[in-house]
Amino acid sequence: MILAGPTGSEAAPAFIEVRDVQVTYGQGGAEPVQALADINIGVPEGAFVSLVGPSGCGKSTLLRAVGDMIAPSAGTITIAGTPASQMRREARIGLVSQAPNLMPWLRIADNVALLHELAAKRTGRPAPDVAALLQLVGLEGFGAKRPAQLSGGMQSRAALARALALDPDVLLMDEPFAALDEITRDRMGIELMRIHARFRKTVLFVTHSLAEAVFLSDAIVLMTPRPGRIARVITVDLPRPRLPEMRLTDAFARMVAELNRELYRMMA
Ligand code: ADP
Ligand code: MG
């Protein structure tokens with residue numbers, strides 16, 4: 001399945017290619033858990049794609065497989081034609097998860113540079129412009145602070161800057177704003193969209209919020225209850241740039257309602 005998107009086509013392999021992927025946890029043990037079955041996705045370069053589905057359907061598992069944090073039990077995953085494992089070794093995959101996981105004793109600027117520094121020993125890639133990254137995520141002037149001096153939203157911004165410091169080809173985001181209050185979360189979504197419009201990283205984004213998925217995405221992958229399969233891929237053809245007011249339009253409400261219906265139908 002090739003998702004619709006900026007550069008998608010049936011002929012060319014997609015930027016992220018997930019082919020016949022299955023993941024079973026505890027394989028060979030007494031109680032194996034099949035988390036994913038028959039996953040086929042092609043994500044075009046630069047696209048923003050969200051994964052939504054019931055809790056436990058394997059969204060995090062799929063993200064972890066694309067990021068080579070776990071190996072699929074079957075199937076293959078390539079990014080830009082390169083195995084995901086090699087992409088991870090070359091630090092070409094950025095990850096942002098729900099917990100910012102900042103090192104409490106390091107200044108924000110050093111936290112942002114940390115993963116890049118660890119990877120640079122292997123990759124030899126040039127150092128990021130930390131000041132520019134902090135400005136990009138709205139943390140200008142906070143580089144010398146420690147994580148405990150920042151709000152939850154600001155810590156999320158720092159975690160995003162840390163992932164962007166790798167200058168990754170792919171950004172994997174697993175419910176990055178789930179721990180934030182709704183207003184902060186909305187603002188983070190708007191910021192993320194601005195950053196995506198500028199850098200055009202290919203993003204795989206997991207969220208529980210259907211409105212967030214519609215607002216941000218080029219396409220939404222709806223997954224079934226465990227073992228997770230792809231139930232449907234919904235193309236979001238709302239025009240870009242998307243302004244916050246767009247969330248008040250009928251077209252937007254219709255898309256969210258349609259997704260909601262699909263989810264309920266699936267879980268009935
Ligand atoms: P989601 O992110 O969609 O909520 P997950 O990918 O975290 O779902 O989990 C999918 C399924 O796999 C769940 O049933 C979960 O309990 C199971 N699972 C996740 N991680 C592990 C693990 N390390 N060992 C065994 N089972 C796991
Ligand atoms: Mg999860």
Side-chain angles (χ1 to χ4, degrees), residues 1 3 14-43 49-80 82-101 115 118-119 156 159 162-163 166 168-179 202-210 212-213 217 219-234 259 262-268:
M1 178 192 317
L3 297 176
F15 194 66
I16 301 177
E17 282 273 344
V18 179
R19 287 286 153 251
D20 304 320
V21 161
Q22 295 192 28
V23 173
T24 302
Y25 289 107
Q27 214 163 18
E31 286 179 50
V33 174
Q34 186 175 14
L36 293 177
D38 307 322
I39 301 288
N40 284 282
I41 313 179
V43 178
V49 173
S50 290
L51 306 175
V52 303
S55 189
C57 74
K59 303 179 293 295
S60 296
T61 299
L62 181 51
L63 221 61
R64 285 202 286 269
V66 172
D68 189 49
M69 287 161 274
I70 58 170
S73 316
T76 55
I77 301 176
T78 59
I79 299 169
T82 307
S85 52
Q86 189 178 335
M87 292 298 275
R88 182 180 57 77
R89 279 197 299 278
E90 292 174 5
R92 301 208 157 273
I93 302 173
L95 180 75
V96 183
S97 50
Q98 186 172 337
N101 294 324
L115 291 183
L118 292 173
S156 281
R162 180 182 54 194
L166 296 172
D169 294 312
V170 171
L171 200 52
L172 304 177
M173 306 186 80
D174 194 351
E175 306 195 43
F177 310 140
T202 309
V203 183
L204 262 187
F205 186 85
V206 173
T207 180
H208 272 120
S209 163
L210 302 181
E212 192 172 67
S217 309
I220 297 171
V221 176
L222 190 62
M223 292 171 65
T224 67
R226 186 166 68 83
R229 298 169 194 272
I230 294 171
R232 236 188 108 183
V233 177
I234 295 143
L259 269 171
E262 288 274 339
L263 261 179
Y264 275 108
R265 195 176 304 149
M266 220 161 55
M267 294 172 71

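In this structure the side chain of Leu62 reaches within 4.5 angstrom of the side chain of Ile41, judged on heavy atoms. Counting heavy atoms from C-beta on, the side chains of Phe205 and Leu51 never come closer than 4.5 Å. For the pair Leu263/Leu222, a side-chain contact is recorded, criterion being any heavy-atom separation below 4.5 Å from C-beta on. Residues Leu172 and Ile93 form a side-chain contact, since some pair of their non-hydrogen atoms from C-beta on lies under 4.5 Å apart. Within the 4.5 Å cutoff, the side chain of Gln22 has heavy atoms near those of the Asp38 side chain. Counting heavy atoms from C-beta on, the side chains of Asp68 and Arg89 never come closer than 4.5 Å. Asp20 places none of its side-chain heavy atoms less than 4.5 Å from the side chain of Thr76. A heavy-atom distance below 4.5 Å is not found between the side chains of Val52 and Met223.
The shortest non-hydrogen separation linking Ala213 to Ser217 is O-OG, 2.6 Å. When all heavy atoms of Cys57 and Thr224 are compared, the pair lying nearest together is CB-O, 3.0 Å. Closest approach of Leu95 to Ala163, counting heavy atoms only: O-CB, 3.9 Å. The shortest non-hydrogen separation linking Val23 to Pro72 is CG2-CA, 4.0 Å.
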Discussion item. Please evaluate residues Asn40 and Arg19 with respect to the criterion side-chain contact (heavy atoms from CB on, under 4.5 Å), reporting the C-alpha separation (whole Å), side-chain torsions for both, the decisive distance (0.1 Å), and the verdict.
Written reply: CA-CA 5 Å; Asn40 284 282; Arg19 287 286 153 251; 3.2 Å; yes
Fill in: Verdict with supporting geometry, Met87 and Asp169, side-chain contact (heavy atoms from CB on, under 4.5 Å)
CA-CA 9 Å; Met87 292 298 275; Asp169 294 312; 3.4 Å; yes
Discussion item. Please evaluate residues His208 and Lys59 with respect to the criterion side-chain contact (heavy atoms from CB on, under 4.5 Å), reporting the C-alpha separation (whole Å), side-chain torsions for both, the decisive distance (0.1 Å), and the verdict.
Written reply: CA-CA 10 Å; His208 272 120; Lys59 303 179 293 295; 4.3 Å; yes
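Remark: Glu175 CD to Leu63 CG distance equals 10.0 Å, nearest 0.5 Å. In this structure, CG in Leu36 is found 9.0 Å from CD1 in Ile230, a value given to the nearest 0.5 Å. Rounded to the nearest 0.5 angstrom, Ile79 CD1 and Glu17 CD are separated by 11.0 Å. Here the CD1-CG distance, from Ile16 to Leu204, works out to 4.5 Å after rounding to the nearest 0.5 Å. Within the model, atoms OG1 of Thr207 and CG of Asp174 stand 10.0 Å from one another, a figure rounded to the nearest 0.5 Å. With rounding to the nearest 0.5 angstrom, the CD atom of Gln34 is 11.0 Å from the OG1 atom of Thr61.
Put simply, the side chain of Arg162 gets close to the backbone of Pro100: a donor and an acceptor are under 3.5 Å apart.
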